[in-house]
Amino acid sequence: MAEPRFDELIHPSTRLSVVALLAAADWVDFAFVRDRLGLSDSALSKQFATLEEAGYVVTERLLVNRRRRVRVRLTDAGRRAFDGHVAALQDIVATADQTVVP
Amino acid sequence: MTHSIGANDARSALTAVRHSRQQVIAEIDMPRWYWLGLAAGWFGMGVVSDFGPGWLALSVVPLFGAAHAAVAGKVLSGRKRSSQLSVRAELAGTHIPALVIGFLIALVGITIAIALLVNADGARHPATIAGAFAAVIVALGGPQLMAAVRRRAARRAGP
């Protein structure tokens with residue numbers, strides 16, 4: 001279990017969905033993320049640029065079957081940040097549930 | 001640790017995480033061509049055994065096994081259904097290759113049993129009939145097997 005650590009950079013809803021998708025995979029094609037989350041190319045590129053700047057993701061440009069593909073993967077730092085953020089969210093929920101129970 | 005969100009926001013965020021994870025779990029599968037190719041190969045082996053020359057009937061099984069081994073290594077993990085992503089091993093589980101191989105070994109036994117039964121009943125083409133039966137099981141059962149794997153992965157995935 002990761003140490004709870006709320007991450008302001010990951011938390012915005014679109015970015016959290018992007019990172020959660022990446023966290024479940026070794027690598028993901030740019031188009032897959034775009035299509036599954038219903039984002040435009042530019043909106044998704046901005047999310048990746050922010051995450052890449054923070055060192056949370058790396059992008060690779062490849063030529064697969066004569067087609068240009070962009071593959072994205074979470075770095076170790078990104079995975080740690082995501083795991084810590086999920087643990088922090090679970091902590092918040094657990095604390096609230098304990099408060100409610102008499 | 002400081003944070004500025006409430007429990008409801010945290011729940012919503014966890015739901016979004018779960019949703020994203022489920023989208024990746026939905027990709028745990030093997031390419032459809034694998035199951036269809038396997039079914040066609042199985043039926044083909046039956047036909048060759050019944051109608052082909054003796055030397056071909058003897059060599060078709062090792063040839064089929066070699067062809068299967070050549071392609072299975074790339075798809076048997078169930079983590080690369082398409083070229084769009086590779087599902088993490090801890091999410092897909094490491095048991096898929098063993099599960100599929102077990103399924104195929106059981107199918108070999110079923111094919112032989114059916115062929116012997118049909119032959120004992122006096123049918124003229126027992127291997128073809130058994131091969132057709134096994135091909136239907138592969139084509140329909142393979143995707144069902146992977147659907148069960150996805151359900152298991154979804155249950156195992158954390159909150």
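Sequence lines set the chain letters: A, B, ... in the order given, protein chains first and strands last, and positions in each chain run from 1.
With rounding to the nearest 0.5 Å, the separation of CZ in Arg71(A) from CG in Leu85(B) is 10.0 Å. Atom CG in Leu14(B) sits 8.0 Å away from atom NE2 in His85(A) (nearest 0.5 Å). To the nearest 0.5 angstrom, Trp27(A) atom CH2 is 13.5 Å from Arg88(B) atom CZ.
Interface summary for chain B: among Leu89(A), Asp29(A), Val19(A), the most heavy-atom pairs under 4.5 angstrom belong to Leu89(A). Heavy-atom pairs under 4.5 Å with chain A were tallied for Ala92(B), Ala89(B), Ser86(B), Gly6(B); the largest tally goes to Ser86(B). Chain B forms more heavy-atom pairs under 4.5 Å with one residue of Ala23(A), Ala25(A), Ala20(A), Ser17(A) than with any other, namely Ala25(A).
Put simply, the side chain of Ser20(B) does not reach to within 4.5 Å of the side chain of Arg36(A), judged on heavy atoms. When side chains are defined from C-beta on, Leu21(A) counts as touching Gln23(B), because their heavy atoms get closer than 4.5 Å.
Between Ala10(B) and Val93(A), the shortest heavy-atom distance links the atoms CB-CG2, 3.7 Å.
Using a 4.5 Å cut-off between heavy atoms, Phe82(A) touches chain B through its side chain atoms alone. Arg73(A) does not touch chain B: none of its heavy atoms, backbone or side chain, sits under 4.5 Å away.
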Evaluate Asp26(A) against Arg79(B) for side-chain contact (heavy atoms from CB on, under 4.5 Å), listing each step before the verdict. CA-CA 10 Å; Asp26(A) 297 320; Arg79(B) 293 163 51 200; 2.5 Å; yes
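Salt-bridge annotation for Asp97(A) and Arg11(B): present, with a side-chain N of the basic residue lying under 4.0 Å from a carboxylate O of the acidic one.
Linking ILVMFWY side-chain heavy atoms closer than 4.5 Å, directly or via other members, places Ile105(B) and Val108(B) in a single hydrophobic cluster.
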